[in-house]
Amino acid sequence: SYAIGIDIGGTKTAIGLVSADGEVRAKVSLPTDQTVAPDIMVDRMAAAIQDILAAQGVHQAELIGIGVGAPGPLNTKEGKIAEPPNLRSWWNFPVVASLARYFSLQIRLENDATAAALAEKWLGAAKDAEHFVFVTISTGIGAGIYSHGKLITGASGNAGDVGHFVVDPSAGTCVCGQKGCWEYVASGTAVARQASALLSREVSSKEAFDLAAAGHTSIQELVAKVFENIGVGCVTLINTFDPEKLVIGGGVSQVGAPMFEAVREYVSKYALNPSGRQTPIVPAALHQDAGLIGAAALVHIPY
Ligand code: ADP
Ligand code: ZN
């Protein structure tokens, strides 16, 4: 049996045919064109799905459902996108009902980080865990929480929006209006913003990490502070959920060992309980296709 996974992002939407063992049999990427009505985007998605099925010789009767991962906030109870900052043209769009115009299948919608957590449980770094938190550190920060063998989605699908934990109120104002949110002080965007201010020119987070690795002192200090701030949020997650492990993914986690070592060091000092201080902090196993596989997981595995 197969599921369709749809990973809606601010710039592109990935659609894939995913088998029951998590293999991506076929996929396509469509630009998320925010100048057209989202219903039109769904028309395009439906056409892409029909093309994939035809090309793979898979009949619609072999599909068990469609999983959709999207940036939050959502209203999963109503099958709607709520108010994602980077998907403005989709605000309040009933994406599940729109897809149901084409497919009489179960259609499940969850926050993209929540879906990615389920993918890590299914096939990735958290296969053996009944309690873990998946954190994605990228343009922003998000999390998927898995506790007592279940995904914690909350009443409307918005649990895990940990990027807006306040970490440092003395820092500037976040997109959400609060001061010093975790993502304001610890995301890729935070690195780029601070490095650009320091060097008085536009510096990407990737360039900043490269400068730090090459020994640029003031950028090294900045990056060390960001890694410490990542640790601060991780301690809060450990103190809150008592997980068996933390799984970290997203673009910034590609920095690898320097980030993981700094976060482990911080957690080993400041997590409140002795076992929490030993929490394994591991890289996500799924990178490419993580969003797609997570979306398909919403259909393939119970949560
Ligand atoms: P998105 O936020 O769209 O999900 P990513 O997960 O790729 O995308 O995260 C993008 C952020 O991660 C950017 O701030 C980018 O500069 C940073 N990033 C991407 N790749 C790397 C890398 N190899 N090393 C360090 N930072 C990276
Ligand atoms: Zn915020």
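Counting starts at 1 for both ligands and their atoms, following the listed order.
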By number and element, which atoms of ligand 1 are closer than 4.0 Å to a non-hydrogen atom of Val255?
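By the 4.0 Å cutoff, the relevant atoms are 24 (N), 25 (C).
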
Taking 4.0 angstrom as the limit and counting only heavy atoms of Phe209, give me the atoms of ligand 1 inside it, by number and element.
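Counting atoms of ligand 1 from 1, those under 4.0 Å from Phe209 are 25 (C), 26 (N).
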
Protein residue, atom and distance nearest to [atom], heavy-atom basis:
atom: atom 13 (C) of ligand 1; result: Ser205 OG, 3.7 Å
atom: atom 24 (N) of ligand 1; result: Lys206 CD, 3.3 Å
atom: atom 9 (O) of ligand 1; result: Ser138 CB, 3.0 Å
atom: atom 20 (N) of ligand 1; result: Gly251 O, 3.7 Å
atom: atom 23 (N) of ligand 1; result: Gln254 CB, 3.4 Å

[X] with [Y]: basic N within carboxylate O range, under 4.0 Å:
X: Asp7; Y: Lys12; answer: no
X: Lys179; Y: Asp168; answer: no
X: Lys269; Y: Glu265; answer: yes

Looking at His164, the N, O or S atom sitting nearest the Zn ion (ligand 2) is ND1

Ala125 to Val282 - nearest heavy-atom pair and separation:
CB-CG2, 4.0 Å

If the plane angle is over 60° it's perpendicular, under 30° parallel, otherwise tilted; pick one for Trp90 and Phe93.
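The rings of Trp90 and Phe93 stand perpendicular, inter-plane angle above 60°.
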
Over 60° means perpendicular and under 30° means parallel, so tell me whether Phe227 and Phe209 are parallel, tilted or perpendicular.
parallel

Where the Zn ion (ligand 2) is the vertex, angle from Cys174 SG to Cys176 SG to 10°
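The angle at the Zn ion (ligand 2) comes to 110°, rounded to the nearest 10°.
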
Between Asp112, Thr139, Asn86, Ile137, which one has a non-hydrogen atom sitting closest to atom 3 (O) of ligand 1?
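Result: the heavy atom closest to atom 3 (O) of ligand 1 is in Thr139.
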
Any donor-acceptor N/O pair, Thr114 side chain to Glu110 backbone, under 3.5 Å
no

